[in-house]
There are 2 protein chains.
Amino acid sequence: MLSKKTKYGIKALVHLARQEDRKPVQISTISKTENISQKFLESILLTLRKNGMLGSKKGKGGGYYLLRDPKEIPMTTVMRLLEGPIAMVPCVSLNFYEKCADCPDEATCAVNKIMLKVRDNTLEIFRNTTLADLSDTHVTL
Amino acid sequence: MLSKKTKYGIKALVHLARQEDRKPVQISTISKTENISQKFLESILLTLRKNGMLGSKKGKGGGYYLLRDPKEIPMTTVMRLLEGPIAMVPCVSLNFYEKCADCPDEATCAVNKIMLKVRDNTLEIFRNTTLADLSDTHVTL
DNA sequence: TGCATACTCTAGTAAGTCGATAGGGTAAAA
DNA sequence: TTTTACCCTATCGACTTACTAGAGTATGCA
């Protein structure tokens, strides 16, 4: 299950991507239009900023803005940042690999086998989808 | 992330599927060979039994056994039973659908859009993979 | 220059849920 | 009478979500 953090984060990023100019958008604006608890959103945007996804401007007329072109932001990056591993099991994760304590041999593990396939498929989707794709309201994926 | 419940459940089912005859296998046997806490495994097998996946026999020579042919058990069934919804968001779930409280329109929701695609892909994999496929140690998926 | 405003940032915390495990006891089959 | 499935309860820790209060900082205006 996707955490609300990730869900809200994606929505906020899409909101920013839909902004035509790259002017800062205030947290309160995003919070209201996307129906997200303002304080919670605050912490989410903060992690996005710390990881080089967003820039921020303080003071009057301040807010958050995208640092890169939405076309250049694949969903893999967003997901790994907000949700963590894309794989359903650590033993098939690329970026968050961890050996299972209980499993003696990954090569013959049934769970490993199928989850590897699922990960490959999911990864490909996220890789080929950018923030710009999601921001387009008309085009279906 | 896959819960350990699901992971262990799949392992146990595969263990039973690999059994040539359909004789009952004791919990303790599965627990030892698969490195699963016996008590935890107990509760997992119980839910599998209650949902018509396994049969059980009490007393000496008792244990758990598969009720159906492994070829007839798609992973969708197993996943829904153990893990719950396959979709990452309730609003794109087939069997566990729930409308998002914050989202005014699913048709234009970016999260909905991409997660629908992920679900379709994952679902197809689980649908086309049976317990028999996982039980085969040699064939890769 | 300096004050007020409008923002981001930080920290702490509380409630709720979930995962995993442990203990003890009952019922049925051989 | 032994073996084994079955059932109930309780705990502990971790994580998620969300709220609260305030500190820090840039901007615009007088």
Side-chain angles (χ1 to χ4, degrees), chain A residues 1-12 16 23-32 34-67 81-85 88-90 96 98 100-102, chain B residues 1-12 15-16 23-32 34-67 82-85 88-90 96 98 100-102:
Chain A
M1 277 282 131
L2 205 67
S3 70
K4 296 219 168 166
K5 182 181 169 189
T6 307
K7 187 180 157 190
Y8 293 162
I10 294 174
K11 283 193 168 190
L16 291 174
K23 276 184 191 163
V25 180
Q26 299 163 31
I27 292 182
S28 62
T29 307
I30 303 177
S31 154
K32 274 172 205 156
E34 305 293 339
N35 291 309
I36 305 171
S37 147
Q38 177 157 344
K39 282 291 175 182
F40 194 26
L41 181 60
E42 235 173 74
S43 70
I44 296 167
L45 294 182
L46 201 61
T47 64
L48 287 174
R49 191 193 67 89
K50 281 181 179 164
N51 289 89
M53 189 70 74
L54 298 179
S56 69
K57 202 183 167 191
K58 288 185 181 178
K60 205 170 187 175
Y64 283 94
Y65 53 92
L66 280 176
L67 284 176
L81 230 141
L82 292 167
E83 188 74 6
M88 297 181 90
V89 179
F96 300 82
E98 224 171 290
C100 296
D102 54 295
Chain B
M1 277 284 130
L2 203 68
S3 69
K4 296 219 169 168
K5 183 181 167 187
T6 307
K7 187 180 158 191
Y8 292 161
I10 294 174
K11 283 192 167 190
H15 185 107
L16 291 174
K23 273 186 195 164
V25 180
Q26 298 165 30
I27 293 180
S28 63
T29 306
I30 303 176
S31 155
K32 275 172 204 156
E34 305 294 338
N35 290 310
I36 306 170
S37 144
Q38 178 157 343
K39 279 289 178 181
F40 196 25
L41 183 59
E42 215 174 279
S43 70
I44 296 166
L45 294 181
L46 201 60
T47 65
L48 287 173
R49 191 192 67 91
K50 280 181 180 166
N51 289 90
M53 188 71 73
L54 298 179
S56 69
K57 201 183 167 192
K58 288 186 183 176
K60 201 168 188 175
Y64 283 94
Y65 52 92
L66 281 175
L67 283 176
L82 292 168
E83 188 75 4
M88 295 181 90
V89 179
F96 299 83
E98 222 170 290
C100 296
D102 54 295

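Side chains are part of it too, since the values below use all heavy atoms of this structure and drop only hydrogens, waters and symmetry mates. Chain letters run A, B, ... following the sequence lines, proteins first, then strands; residues in each count from 1.
For DNA chain C, the residues of residues 35-43 of chain A within the heavy-atom distance limit of 4.0 Å (strictly under) are A:K39, A:E42, sorted by number.
Within the 3.5 Å criterion, the main-chain N or O of B:I36 finds a donor-acceptor partner in the side chain of B:S31.
Across every non-hydrogen atom of A:L67 and A:G52, the tightest pair is CD1-O, 3.6 Å. Minimum interatomic distance between A:L41 and A:I27 (heavy atoms only, all atoms of both residues): CD2-O, 3.9 Å. Of all heavy-atom pairs spanning B:E83 and B:M1, the tightest one is OE2-O, 3.4 Å.
Residue A:K7 is out of contact with every strand shown, counting any heavy-atom pair closer than 4.0 Å. Note on B:I27: only backbone sugar-phosphate atoms sit closer than 4.0 angstrom, heavy atoms only; bases stay farther off.
Proximity note for B:K60 (side chain, C-beta onward) versus D:dT3, D:dA5, C:dC9: the nearest is D:dT3. When the nucleotides C:dG19, D:dT4, C:dC7 are ranked by their closest atom to the side chain of A:Q26, C:dC7 comes out on top.
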Find every protein N or O atom lying less than 3.5 Å from an N or O atom of nucleotides 11-14 of chain D, and list the pairs.
none

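To the nearest 0.5 Å, the span separating NZ on A:K4 from OG on A:S37 amounts to 10.5 Å.
Contact check, A:S56 against C:dC9: a side-chain N or O comes under 4.0 Å of OP1 or OP2. Within the 4.0 Å cut-off from OP1 or OP2 of C:dC9, at least one side-chain nitrogen or oxygen of A:Y64 is found.
Distance, B:M1 CE to D:dC15 P: 13 Å, rounded to whole Å.
Each of A:K57 and A:S3 lies near DNA chain D, and the nucleotide nearest A:S3 is the one positioned closer to the 5' end.
No donor-acceptor contact under 3.5 angstrom links the side chains of B:Q38 and B:S28, judged on distance only.
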